[in-house]
Amino acid sequence: GLSNIPPLPSSYWEIFSITPSFQLDLVALSAEYKRLQATYHPDRHVTSSPSEQELAAAHSATVNEAYKSLKDPYLRARLLLRTVEFDPNVRTMDTEFLTDMMDFNDKIELCEGPETLDILRITNEEAIGELYAQFEMLFIQDDYKAAAETLAKVKFLLQTRERIEVQNEAII
């Protein structure tokens, strides 16, 4: 049978034996990832039956996906909302926030020097940090709607982070 390959829980949190929370010990997460990959990696099952190899490969892929989702704070926050069966997708955005974002993105596009871009980068990263802190507080208070709205703002700022990098390449 498939006795050589231990079963995998369906929840990403359970795969890594973690209580769902926004704050994670990333060092412990990484260590557990390596331990899980040592168990499931297809290279460890070359002498196993084809069906066992297939199962190991599928489990290994799931472990990779779980690790990627838990390691990334944005994906982890979305996962947390899904854990409490709250849809993390937000349909409407705060107009004032959107206007601010457009202004900020204009500043990035018009930016001609690396010093100015560095200031914009720092401003953006600080805003991301503040929103994550806000998300965590709202989530703990069971205000899932406001937590999801905060996360939607983070998504915009993550896109802004990418724009800053693109602009950085253009300046250099």
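Hydrogens, waters and symmetry mates are skipped; everything else that's a heavy atom, side chains included, is used.
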- Query: Heavy-atom distance under 4.5 Å between the side chains of Lys153 and Leu157, does that happen here?
  - Reply: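 They are not in contact (no side-chain heavy atoms under 4.5 Å apart), so the answer is no.
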
- What's the shortest heavy-atom distance between Ile164 and Arg121, and which atoms? CD1-CA, 3.8 Å

- Message: Within the 4.5 Å heavy-atom criterion, are Val63 and Leu8 side-chain neighbours or not?
- Response: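 In short, these two side chains touch, coming nearer than 4.5 Å.
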
- Message: Within the structure provided, determine whether Glu65 and Tyr12 are in side-chain contact (heavy-atom separation under 4.5 Å).
- Response: yes

- Query: Are side-chain heavy atoms of Arg76 and Ser69 found at a separation under 4.5 Å?
  - Reply: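 No, their side chains stay 4.5 Å or more apart.
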
- Item | Intermediate values then yes/no, side chain to side chain contact (heavy atoms under 4.5 Å, CB included), Leu29 and Phe16 | CA-CA 7 Å; Leu29 185 76; Phe16 281 86; 3.7 Å; yes

- Supply the atom-to-atom distance Phe135 CZ to Ile128 CD1, rounded to the nearest 0.5 angstrom. 15.0 Å

- Message: Would you compute the distance between atom CE of Met102 and atom CZ of Phe97 and round it to the nearest 0.5 angstrom?
- Response: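 Taking CE in Met102 and CZ in Phe97, the distance rounds to 11.0 Å.
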
- Taking all heavy atoms of Pro6 and all of Thr39, pick out the closest pair and write down the distance. CG-CG2, 3.7 Å

- Query: How are the rings of Tyr144 and Phe86 set relative to one another: parallel (under 30°), tilted (30 to 60°) or perpendicular (over 60°)?
  - Reply: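 Rings of Tyr144 and Phe86: tilted, 30 to 60°.
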
- Query: Applying the ring-ring contact (aromatic ring centres under 6.0 Å, His included) test to Tyr132, which of Phe22, Phe139, Tyr74 qualifies?
  - Reply: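 Exactly one candidate clears the test, Phe22.
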
- Item | Heavy-atom pair with the smallest gap, counting every atom of His45 and Ile5 |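 In this case the closest contact between His45 and Ile5 is CE1-CG1, 3.7 Å.
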
- Item | Connected via hydrophobic side-chain network under 4.5 Å: Leu24 and Leu36 | yes

- Task: Determine the minimum heavy-atom distance between Ala38 and Arg44, stating which atoms define it.
- Result: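 Smallest heavy-atom distance, with atoms named: O-NH1, 2.9 Å.
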
- Query: What is the distance from atom NE2 of His59 to atom CD of Glu52, rounded to the nearest 0.5 Å?
  - Reply: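 Result: 11.0 Å between the selected atoms.
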
- Task: Hey, could you give me the CZ/CD1 distance between Arg161 and Ile108, rounded to the nearest 0.5 Å?
- Result: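 If we round to the nearest 0.5 Å, Arg161:CZ and Ile108:CD1 are 12.0 Å apart.
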
- Item | Same cluster (ILVMFWY, side-chain, under 4.5 Å), Leu117 and Ile119 |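 No; tracing contacts between hydrophobic side chains, which count when under 4.5 Å, never links both residues.
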
- Message: When you measure from the side chain of Thr150 to the backbone of Ala146, do you find a donor-acceptor pair of N or O atoms at a distance under 3.5 Å?
- Response: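 Answer holds: yes.
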
- Message: I'd like to know if Met93 and Val154 are part of one continuous hydrophobic network [Ile/Leu/Val/Met/Phe/Trp/Tyr, side-chain heavy atoms within less than 4.5 Å].
- Response: yes

- Let me see the working for Asn64 and Gln37 under side chain to side chain donor-acceptor pair (under 3.5 Å), right down to the final yes or no. CA-CA 8 Å; Asn64 282 335; Gln37 276 305 5; 2.6 Å; yes

- Message: So for atom CD, which belongs to Glu136, do other residues, nucleotides or ligands contribute more than 12 heavy atoms lying within a distance under 6.0 Å?
- Response: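 Correct, the count exceeds 12.
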
- With side chains defined as the heavy atoms from C-beta onward, is the minimum distance between Tyr40 and Leu55 less than 4.5 Å?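 When only atoms from C-beta onward are counted, Leu55 and Tyr40 do not touch, as no gap falls below 4.5 Å.
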
- Answer with yes or no whether the hydrophobic clustering places Val90 together with Val84; edges join I, L, V, M, F, W, Y residues whose side-chain heavy atoms lie under 4.5 Å apart. no

- Message: What I'd like to find out is whether the side chain of Glu162 reaches to under 4.5 Å of the side chain of Thr160, using heavy atoms alone.
- Response: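 A side-chain contact under 4.5 Å is absent here.
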
- Hey, mind stepping through Glu149 and Asp94 against side chain to side chain contact (heavy atoms under 4.5 Å, CB included) and telling me if it holds? CA-CA 9 Å; Glu149 286 165 358; Asp94 163 4; over 6 Å; no

- Query: Are the side chains of Arg78 and Asn89 in touch, meaning some heavy atoms are under 4.5 Å apart?
  - Reply: yes

- Thr95 backbone acceptor or donor facing Thr99 side chain under 3.5 Å: yes

- Message: Could you measure the distance from the CD atom of Gln167 to the OG1 atom of Thr116? Nearest 0.5 Å is fine.
- Response: 10.5 Å

- Heavy-atom closest contact (Ile171 atom, Cys111 atom, distance): CD1-O, 3.8 Å

- Query: Can Tyr67 be reached from Ile18 by stepping across I, L, V, M, F, W or Y side chains whose heavy atoms are under 4.5 Å apart?
  - Reply: yes

- Cut-off 3.5 Å, side chains only: do Trp13 and Thr19 have a donor facing an acceptor? no

- Message: Nearest 0.5 Å, please: how far is CG in Leu75 from CZ in Arg82?
- Response: 10.5 Å

- Query: Closest heavy-atom contact between Leu120 and Phe104?
  - Reply: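 Looks like O-CZ, 3.3 Å.
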
